[in-house]
Chemist: 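Structure provided below as structure tokens; questions to follow.
By convention in this document, chain letters (A, B, ...) are assigned in the order of the sequence lines, proteins followed by strands, and residues within each chain are numbered from 1.
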2 protein chains.
Amino acid sequence: MARTPRDVTERELAVLEVLWNGGATTIRQLTEVLYPGGRTAHYATVQTLLHRLEAKGCVRRERVCYLPSHHNKAQIYLAAIDRDELIGRRLRDMAEQLCGGSLTPLLTHLMRTRQFTAVERRELRLLIDDLDREKGKGKGDAR
Amino acid sequence: MARTPRDVTERELAVLEVLWNGGATTIRQLTEVLYPGGRTAHYATVQTLLHRLEAKGCVRRERVCYLPSHHNKAQIYLAAIDRDELIGRRLRDMAEQLCGGSLTPLLTHLMRTRQFTAVERRELRLLIDDLDREKGKGKGDAR
DNA sequence: CTACTCTAAGACAAAATGACTGACAGGTCA
DNA sequence: TGACCTGTCAGTCATTTTGTCTTAGAGTAG
């Protein structure tokens, strides 16, 4: 009774990584990267992974498309979300489970925990400056 | 082949929550909270959950201890990690999987995504100030 | 002894996950 | 035409997790 399926599985993530790195490809090419010298079985595995990813909305496919190197129609798969979106998804899930939906505890944890270098601290400050400028019309009071 | 077991399961988390809220207790009391009017079966379920949590290092138990209300020895369970530690654990796992171990992408995502109020932005700034003061001896190069 | 509570040790089913098989369709090229 | 690729789809399969529950055993009070 593994109740809540994990957002994206380890193996599924491996597929996504390839798509993120190499752009859209066919199952065969993905198989070649993930299981070099891939046999038919591996091909099918990648196929399954892609279908599950599609069901989760992480992958799309361009329907029919003629390959240059071969003679057959093949579908082109491409990532429907990027790494950052996946990160957001996970963070939100996590906040949901552990913090009643609020992301703030996660943020403050990171702020407290991370050992920032002076440079990083400065970058953070600049980032906040950006946010201030971007939205901080009314409330502006931070010196 | 669900390969990597989840850090803490949903049901396990429910147990932890009770421990976080109410402090150390016995299995029976936990059962009463989680499954009001709990039958023997529920008792055993909580028991399993606790054992699994113990194996994961999230729970400890004070061995034998005499209860006031009853006549038998019972063990007292108590949380071995708090919510914030669990958050940290998850964040680190997540960074491991998605960001090659770096927490920075998570942080910047949160910074970009969250809609901060002016007040929150100021608090963040103050937090960074603290960090500056606290560690800002050597590396000092800001500006 | 009997009744009660607790604990330990596992059995169990449903579901998730990774991996795989086989049937079938359409195109190529001898 | 027909053997042969290459690709798709649908479904099977074993292992593991996860939530749940049964049972046997042990200790204590009345």
Chemist: Would you say Q29(B)'s side chain and T26(B)'s backbone share a donor-acceptor pair under 3.5 angstrom?
Modeler: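 It does not hold such a pair.
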
Chemist: Quick one, R60(A) and E54(A) - any side-chain contact, counting heavy atoms below 4.5 Å?
Modeler: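 Sidechains of E54(A) and R60(A): no contact.
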
Chemist: Rounded to whole Å, please give me the gap between OH in Y77(A) and C1' in dG7(D).
Modeler: 10 Å

Chemist: Measuring to OP1 and OP2 of dG19(D), would you say a side-chain N or O of T48(B) lies under 4.0 angstrom away?
Modeler: no

Chemist: Quick one: does P105(A)'s side chain get under 4.5 Å of I87(B)'s, heavy atoms only?
Modeler: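 Sidechains of I87(B) and P105(A): in contact.
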
Chemist: What is the distance, to the nearest angstrom, from the CZ atom on R52(B) to the C1' atom on dG19(D)?
Modeler: 7 Å

Chemist: Rounding to a whole Å, what distance do you find between H42(B):NE2 and dC6(C):P?
Modeler: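 Atom-to-atom, H42(B) to dC6(C), this comes out as 16 Å.
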
Chemist: Take atom NZ of K56(A) and atom P of dT17(C), then tell me their distance rounded to the nearest Å.
Modeler: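 In whole Å, dT17(C) P and K56(A) NZ are 5 Å from each other.
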
Chemist: Is the shortest heavy-atom distance from the side chain of D7(B) to the side chain of L86(B) under 4.5 Å?
Modeler: yes

Chemist: Which listed nucleotide (dC20(C), dT8(D), dT17(C)) is nearest to the side chain of A41(A)?
Modeler: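 Between dC20(C), dT8(D), dT17(C), the one nearest the side chain of A41(A) would be dC20(C).
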
Chemist: Nearest whole Å is fine: how far is dG19(D) P from L30(B) CG?
Modeler: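 Distance check: L30(B) CG to dG19(D) P gives 16 Å.
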
Chemist: Write down the distance between CZ (R61(B)) and C1' (dC6(C)), rounded to a whole number of angstrom.
Modeler: 12 Å

Chemist: What's the CZ-C1' distance between R39(B) and dT5(C), to the nearest Å?
Modeler: 18 Å

Chemist: Nearest to the side chain of R28(B) - dG7(D), dA19(C), dC6(C)?
Modeler: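 Closest nucleotide among those given: dC6(C).
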
Chemist: Side chains of C99(A) and L106(A), heavy atoms from C-beta outward: is any pair under 4.5 Å?
Modeler: yes

Chemist: How do T40(B) and T45(B) order along DNA chain D: which one's closest nucleotide is nearer the 5' end?
Modeler: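 Closest to the 5' end, via its nearest nucleotide, is T45(B).
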
Chemist: So if I take every side-chain heavy atom of Y43(B) and compare against dC20(C), dT8(D), dC6(C), which nucleotide ends up nearest?
Modeler: dC6(C)

Chemist: Within the 4.0 Å heavy-atom criterion, would you say I27(A) contacts the bases, only the backbone, or no part of the nucleic acid?
Modeler: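 Sugar-phosphate, no base atom in range.
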
Chemist: Taking the side chain of Q47(A) as its heavy atoms from C-beta onward, which of dT6(D), dT18(D), dA10(D) lies nearest to it?
Modeler: dA10(D)

Chemist: Please tell me if Q75(B) has a side-chain N or O lying less than 4.0 Å from either OP1 or OP2 of dT7(C).
Modeler: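 Checking Q75(B) against dT7(C): at least one side-chain N or O falls below 4.0 Å of OP1 or OP2.
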
Chemist: Send over the distance from E54(B) CD to dT7(C) P, rounded to a whole Å.
Modeler: 12 Å

Chemist: Can you tell which of dT22(D), dG19(D), dC20(C) lies closest to the side chain of R11(B)?
Modeler: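 The nucleotide sitting nearest to the side chain is dG19(D).
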
